[in-house]
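Each remark here refers to the structure printed beneath this line.
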Amino acid sequence: MDDDDIDLDLLDLLRQRFGMSNQQSDEVSSDTGVLNDAKHIYDNAIDVSIDMYGTKAAAASIHTAMEQQSYSTNAWSQHDLHPKLSEGFSEVDMVNFIFTMDLLNFSFWSELDAESRYQVEYRGKRWTGYNSLVACLRRALDGGVPITTPRFWSSAQATDEVFKLVFFSATDEQIPLLEQRIALLREAGEVLNESFGDPEEPEGVDDAVAEKGAQLLSAEESDTPDEGQLIEGVEHESEAPDSNQGEAAMSNLPPESRPAADRSQLIGGADQESEVPGSALIDGAVSDVPPESGPDVGMNQPLRRTERESETPVSAQTDALTSDVPPKSSPASFALEAKERKAKPELKPDHSVMRLLEKAEHSAGKLVNLLAKHFPCFRDETRFDGKKVRLLKRAQILAADLWGAFNGQDYGHFDDVDNITMFADYRVPQMLHSLSVLTYSPPLDNRIRTLQPMDSGHSWEVQLRGCSIWAVELIRREILRVHPDAGVNAVLIDFFLYDLAKDKERVAGGLAMPHHRTRSIWY
Ligand SMILES: Nc1nc2c(c(CN[C@H]3C=C[C@H](O)[C@@H]3O)cn2[C@@H]2O[C@H](COP(=O)(O)O)[C@@H](O)[C@H]2O)c(=O)[nH]1
C-alpha cells in the first residue's frame, strides 16, 4: 500500500473511537446513557440531594397507592383527552397523535393566575398545562385540520396563521414558545419526510384536501355551535396585547377567521368542589403542606378511579375551569357529523412515524436514540461538571406514551421499556420535593420559592432534573427490594407522580412548594 492509499481499517477504527462510525448511521444502540448521566449528576450535585428516609417512605406510600388503584398502563387511556382506539382512532392515527403531542410536550407553566393564564376551550371546558396541548390537537382534528399528519406541517397550507389558530387561547395569553412550536413541527415534518417518508407517498399534502382543511378553519359560520370545532367568525373580543405576537397575528386575520374568545364563562378552578376526598398525609413522609392548610391529597387515599372513567379525570380537572357543558362528541362521531356538514378532507395516512418505530425494532432505547439522532428538537442534552449529559425527556416520554396508549402491545410493545427513566420535567421534581425525597440548598430553595426563573442549562436546573431521574430510580429499586413482584418501572412511577401532583394542585390549590421555572423546549 503506498502513502496515498487510505487505510480504511484505520479510518473505521478512528470513526468508531470518536463515535463517528458509519455503522452507527445504520444502527443505533439501545442504551440511552440517561440513567448513568443522572447518576453522574447526583454524585456531583451540591444544591440538590436525595434523602434516604424520604425516599424509603415515598417508595412505601407510592407502592401502597399504586396497588390500591391497580395503577397500570390502563391509566393512560383513562385520561379524558388521550386518544383511544375505542374512539375510532386507527393505529396510525394514534401513533401520529402521540408523536405530535410529545414533539410539543413542554413548558406550559405561566406567570399569570389561573384565570388569565393560557387555556384552551374544548368540549365546553377550559384546559391548562399539558392538557391544553392535548385539547388543541383534538380541537384541530375535530375542526378538520390534519394537525397530527406530519406531511401537513411542512405543506404550503400549514401557514403560521393556521398554526396560531390551532393553538388559539381562550385568554389573552398565548401558548408559551408558540413560534418555537411551529418551527419544531416544520423541522420534524421535513425530517420525517426525508428520512422515513414513503417514496410512493406524494411529496406534499394533497392540496385540494389540505385546502379544505384550511377552509374549515376560516369558514364564516359552522352549522352546529360546537366548542370542539375551531371557532370562527366572531370578532376577537379584545385587541391582542403587543407582547402577544400570536394573538396580534391572529388579530390581523380577516375577522371571519379569528377565533371567538368568550371569556365570560371562565370559572376559577381553585374554588371548584374537590372531587377527590382529602386524606391523611402519607405515613412517614413529611409534606410541605402543613395540615392546617386544608386537606391534602395523600397517596394512601385512592383516587375515585371510577370517577376518572365516567368524568373528566381528576388530573385533568385542574384544567377544567368552566361550568359543565355536555362533553363534545368523540372524534369518530364528529367525523360523521363533519361528513354531513362539510366534506371532511380525508388525508392519506402518513406512515413516516410508523416507519421510525419499525426501525426501533421494539426497543424503547433504540427509539429514544433514533429520535435524538434524527431530530434536533428531541436531543435533550446539556453539560454538567464539564461532562455532556443526556436527559432526553421528550424522547423517553414518547416511548412511554406509546407503551401506555397501546398497553404494551403492537406499536407500544417495547422489550426494554423498564430501561426508560423518569421524565425530567418541572412537575415531578416538585412532587418529589413535597414528598421530602429531594432536598434543596438554601439558595436554590429560595430561588424556587420566590418564583424566580432559572436559565435552561443552569447548574441548578441540571441538578434538579438529574437528581429527579436518580431519585425515581432509587424509589423503583426500593419498591422492588421490598416487593419483588410489584411489577413497577420508572415509567409507571413517573406517570403516577405526575397525576398525583396534578391532583394535589387541584385539591390544595397548588403545592406549597412551586416548581422551578425554566422556559425550555426540552421539557
Ligand atoms: N414527568 C412527567 N412529565 C409530564 C407528564 C405529563 C403528562 N403525561 C400523561 C401521560 C400519562 C400520565 O398519566 C399523564 O396523564 C406531562 N408532563 C410534563 O409536565 C409539564 C406539564 O405540567 P403541567 O403544566 O402541570 O400540565 C411539562 O413539562 C410536560 O412535558 C408525565 O406523565 N410525567
Side-chain angles (χ1 to χ4, degrees), residues 34 38 66 69 71-84 97-98 101-112 114 117-120 126-136 173 175-177 181 184 269 303 305 308 312-320 377-378 380 391-407 412 420-432 456 461 464-465 468-469 471-472 475 489-506 510-511 514-523:
V34 172
M66 289 177 84
Q69 298 167 35
Y71 197 86
S72 71
T73 50
N74 291 327
W76 199 94
S77 300
Q78 287 169 6
H79 186 296
D80 216 18
L81 296 179
H82 282 167
K84 306 163 188 65
F97 190 106
I98 291 166
M101 184 178 79
D102 285 323
L103 195 58
L104 302 169
N105 190 358
F106 56 82
S107 202
F108 303 107
W109 60 268
S110 170
E111 310 269 10
L112 306 180
R117 69 177 292 190
Y118 175 73
Q119 48 201 281
V120 171
R126 297 285 176 88
W127 307 85
T128 60
Y130 161 80
N131 293 312
S132 66
L133 167 65
V134 194
C136 280
E173 186 180 44
I175 190 170
L177 302 176
R181 294 181 201 272
L184 289 191
L303 304 181
R305 183 67 62 192
R308 286 185 71 152
T312 307
V314 173
S315 63
Q317 281 179 4
T318 311
D319 308 319
C377 67
F378 278 110
D380 177 7
L391 299 170
L392 301 178
K393 180 256 179 185
R394 286 194 291 106
Q396 291 201 99
I397 204 171
L398 171 53
D401 281 334
L402 289 165
W403 181 65
F406 288 93
N407 267 314
I420 293 290
T421 75
M422 170 263 180
F423 319 116
D425 70 322
Y426 52 84
R427 190 59 71 191
V428 173
Q430 177 189 27
M431 191 68 227
L432 290 170
S456 180
E461 182 221 29
L464 284 164
R465 300 184 73 200
S468 295
I469 292 173
V472 170
I475 289 170
N489 57 23
V491 173
L492 285 178
I493 294 169
D494 174 287
F495 281 168
F496 175 83
L497 287 173
Y498 173 84
D499 290 344
L500 181 65
K502 297 304 285 180
D503 298 336
K504 283 174 73 96
E505 181 191 52
R506 189 183 56 76
L511 299 167
H515 58 72
H516 72 278
R517 295 175 172 217
T518 299
R519 199 53 89 192
S520 163
I521 67 159
W522 302 122
Y523 61 94

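First listed ligand is number 1; within each ligand, the first listed atom is number 1.
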Under 4.0 Å from a heavy atom of [X]: give me the atoms of ligand 1 that qualify, with their elements.
X	value
Arg427	22 (O), 23 (P), 24 (O), 25 (O)
His79	15 (O)
Val428	1 (N), 2 (C)
Asp401	10 (C)
Trp76	10 (C), 11 (C)
His82	9 (C), 10 (C), 15 (O)
Tyr71	13 (O)

Heavy-atom closest pair (Tyr118 atom, Cys136 atom, distance to 0.1 Å) is OH-SG, 3.2 Å
Between Asp425 and Lys393 the two heavy atoms that sit nearest each other are CB-CE, 4.0 Å
Please check if the side chain of [X] supplies one atom and the backbone of [Y] the other of a donor-acceptor pair under 3.5 Å.
X	Y	result
Gln119	Ala114	yes
Arg465	Pro429	no
Trp109	Arg427	no
Arg181	Pro176	yes
Arg394	Phe423	no

Is [X] close to ligand 1, meaning an N/O of one under 3.5 Å from an N/O of the other?
X	answer
Gly129	no
Lys502	yes
Ser107	no
Tyr426	yes
Asn131	no
Thr128	no
Asp494	yes
Trp109	no

Measure [X] to ligand 1 on non-hydrogen atoms and call it side chain, backbone, both or neither using the 4.0 Å cut-off.
X	value
Met422	neither
Arg394	neither
Glu505	neither
Tyr130	both

Q: Run the numbers on Asp499 and Tyr71 for side-chain hydrogen bond (donor to acceptor under 3.5 Å, both in side chains), then give the verdict.
A: CA-CA 11 Å; Asp499 290 344; Tyr71 197 86; 2.9 Å; yes
Output for pair (Leu432 CG, Met422 CE), nearest 0.5 Å, gives 6.0 Å
So CG of Asn407 and OG1 of Thr73: to nearest 0.5 Å the spacing works out to 3.5 Å
Say whether His79 and Asn131, considering side chains only, have a donor N or O and an acceptor N or O under 3.5 Å apart. yes
Nearest non-hydrogen contact to atom 18 (C) of ligand 1 from the set Asp80, Asp425, Leu500 belongs to Asp425
The option among Leu81, Asp499, Asp102 carrying the non-hydrogen atom nearest to atom 12 (C) of ligand 1 is Asp499
Check your understanding: What class does the angle between the rings of Tyr426 and His515 fall in, given that below 30° is parallel, 30 to 60° is tilted and above 60° is perpendicular?
Key -> tilted
If you define the side chain from C-beta out and look only at heavy atoms, does anything of Ile397 sit under 4.5 Å from Tyr523?
no
